[in-house]
Amino acid sequence: MKIEIDDIGVRFGGLWANRNVSFSFEGPSITAVIGPNGAGKSTLFNVMTGFIKPATGEIRLRGERISGQAPEKVAARRIGRTFQIPEICHEMSVRDNVLVGAHRHIRGNLFSQVLNIGASGAAEREAGDRVDVILKDTRLYDLRDRPAGTLPLGRVRLLEIARALASEPELLLLDEAASGLNSQESAELAAFIRTLPSRGISVLLIEHNVGFVMELASTVAVLDHGQLIAVGTPEEVRNNEAVITAYLGKRKS
Amino acid sequence: MRQIHVLLALILAWLLAPLLIETGGTFNLFIFAFINLILVLGLSLLFGYAGQISLGQAGFYGIGAYMAAVLTVRTGLPPVLGLVAAIIVPAALGYIIGRPVLRLRGYYLAMVTAALGLILHTIFVEWVDVTGGYSGITGIPALTIGTLTARSPVTMYYLSGAVGFTVMLLALRLVDTAYGRAMRTMRESEMAARSCGIPTARLKAEVFALSAGLSGLAGALYAQYVGFVSPESFTIDTSINLLLALAVGGVGSLWGAAFGAFLLTFLPEWVHELQNAYGLVLGAMVVVMLTLEPRGLWGIVLRLRDAFARRQATTA
């Protein structure tokens with residue numbers, strides 16, 4: 001799997017939220033996009049998942065353009081995501097929320113599902129079995145019947161990841177997955193994310209907590225004011241002059 | 001499972017109730033309650049579950065009623081075909097209109113659906129050749145299935161009840177399928193739904209069509225029972241009352257919708273000594289309910305159940 005981000009530009013009024021952003025990565029791997037608040041990280045995610053059409057450039061998955069397509073079409077290309085502010089159905093159970101991720105795999109229409117005819121029942125059971133495995137992996141299994149709205153933030157972030165995993169993604173985009181978590185929760189989350197590439201799932205992380213990504217990602221891209229200022233291994237990025245300036249400000253001389 | 005038990009108990013009560021009911025008037029009320037049940041369930045799926053408001057339900061209700069009336073009275077088709085057309089035509093119209101209109105959200109969708117209801121009402125009034133204008137259409141034949149004609153209140157009681165319970169059962173099933181989960185997720189977050197591969201534009205239009213079809217079904221049952229239709233049954237007042245009934249019963253619940261539908265039917269009877277105070281009582285209930293228990297009457301049932309469960313837990 002190869003993702004190419006090629007000259008992405010996004011304009012909100014007079015402001016370029018992304019400009020000339022180009023980098024690529026191959027999977028299965030863990031890649032991170034970091035940058036200060038307002039650097040355009042979430043905008044890039046929204047372009048990659050079809051919520052924003054870029055003014056310039058395109059995003060390619062295995063050489064085929066995916067930018068400019070509707071989000072549900074992008075999801076069908078096996079790209080899953082989470083949200084910086086979690087977007088879950090509060091009154092639905094944890095398990096039902098995760099089952100929503102498997103939506104594409106449950107065949108049939110309104111009538112076949114309600115009347116339980118055709119392949120709908122079998123597909124629903126298969127999806128349910130897969131979801132139970134994911135719930136165990138994410139340690140949500142014991143909470144599966146609880147209304148999702150009653151979970152603490154740490155669990156909600158895992159729930160969003162579980163839901164994205166239920167769609168069987170090839171690429172998983174995590175938007176600030178560690179924000180709001182305590183140190184133990186974020187250590188657990190990091191350990192879990194680290195297992196994903198071995199299952200053939202590539203991860204692209206957005207973080208402004210630099211420490212969290214530096215030990216997780218093999219490639220780090222740095223955005224500042226909508227532009228890519230550095231891309232490389234964590235070590236290269238850590239020592240990059242432009243990155244230090246962006247994070248710490250210019251040294252007065 | 002427990003929902004099914006409650007439903008079976010209610011079905012048993014419905015089957016046996018005629019032993020206790022003596023007057024045709026009470027049968028009438030139950031028939032209208034079942035018709036309202038179908039209407040409010042349609043609205044509950046659309047608004048409570050899929051999150052799309054409609055102030056135009058009366059328009060689709062009216063199309064159903066006029067389809068049943070016009071096809072049988074003017075073209076002599078059998079009533080069953082009128083009933084089928086009364087479901088299909090509003091559903092198809094709902095889909096076609098819903099596709100562009102449901103891009104709007106919240107207040108804008110409320111306004112546009114209200115306008116849609118006004119347009120349909122105007123058509124019922126002005127297209128005199130077909131609808132009979134303000135005088136409406138009389139002599140609509142009763143629904144006949146095989147040799148059974150639902151002319152007497154008792155037969156119609158059973159027929160409308162059978163349809164009402166079937167719709168309730170299918171709706172309860174629907175909200176627990178992948179389709180229902182998609183609707184509920186879409187209500188809380190379109191972004192989340194779309195990221196999970198749910199085509200929300202199509203889903204909204206389909207649920208709009210479903211609720212329009214249910215409204216049409218209710219309209220046909222109404223027309224074929226009463227034998228007469230006129231535009232005044234399908235005004236924006238009707239649409240608003242359906243929404244208020246749902247709010248009092250409980251927006252996010254099908255059982256709440258059922259409470260609302262029965263309340264909408266029986267409340268005017270209970271308070272008829274107060275004459276026009278019905279609006280006052282329903283209005284006050286909406287205000288009190290939405291401020292104190294936004295989940296409606298159903299929310300109160302849930303609270304009582306939780307309180308009971310807690311007491312059981314502490315005494316055990």
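The chains referred to below are lettered A, B, ... by the order of the sequence lines, with proteins before strands, and numbering in each begins at 1.
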Pairwise distance CD(A:Glu91) to CZ(B:Arg187) - rounded to 0.5 angstrom: 4.5 Å
Interface residues of residues 42-53 of chain A facing chain B - heavy atom cut-off under 4.5 Å: A:Asn46, A:Phe51
Point-to-point distance, once rounded to the nearest 0.5 Å, from CZ of B:Arg194 to CZ of A:Arg81: 12.0 Å
B:Arg105 atom CZ, over 12 foreign heavy atoms within 6.0 Å: no
Closest-packed option against chain B by number of heavy-atom pairs under 4.5 Å, given A:Ala75, A:Ala102, A:Pro71, A:Ala76: A:Pro71
A:Phe12, CZ: over 12 other non-hydrogen atoms inside 6.0 angstrom: yes
Single hit among B:Asp176, B:Val175, B:Leu170 for side-chain contact (heavy atoms from CB on, under 4.5 Å) with A:Val114: B:Leu170
Atom of B:Thr200, atom of A:Glu72 and distance for their closest heavy-atom approach: N-OE2, 4.4 Å
Any donor-acceptor N/O pair, B:Arg181 side chain to A:Val100 backbone, under 3.5 Å: no
Atom pair CZ (A:Phe83) and OG (B:Ser189), whose distance is rounded to the nearest 0.5 Å: 5.5 Å
Shortest non-hydrogen contact from B:Ala192 toward A:Glu87: CB-O, 3.3 Å
Sidechain-backbone polar pair: A:Gln113 side chain, B:Tyr179 backbone, donor-acceptor under 3.5 Å: yes
Max heavy-atom pair count under 4.5 Å with chain B, selected residue of A:Arg104, A:Met92, A:Lys73, A:Glu160: A:Met92
Atom CD1 of A:Ile85 with >12 non-hydrogen neighbours under 6.0 angstrom: no
Side chain B:Arg184, main chain A:His90, donor-acceptor under 3.5 Å: no
Contacting region of A:Leu110 [heavy-atom separation from chain B under 4.5 Å]: both
Rounded distance [0.5 Å steps], OG1 in B:Thr177 versus CD in A:Glu124: 7.5 Å
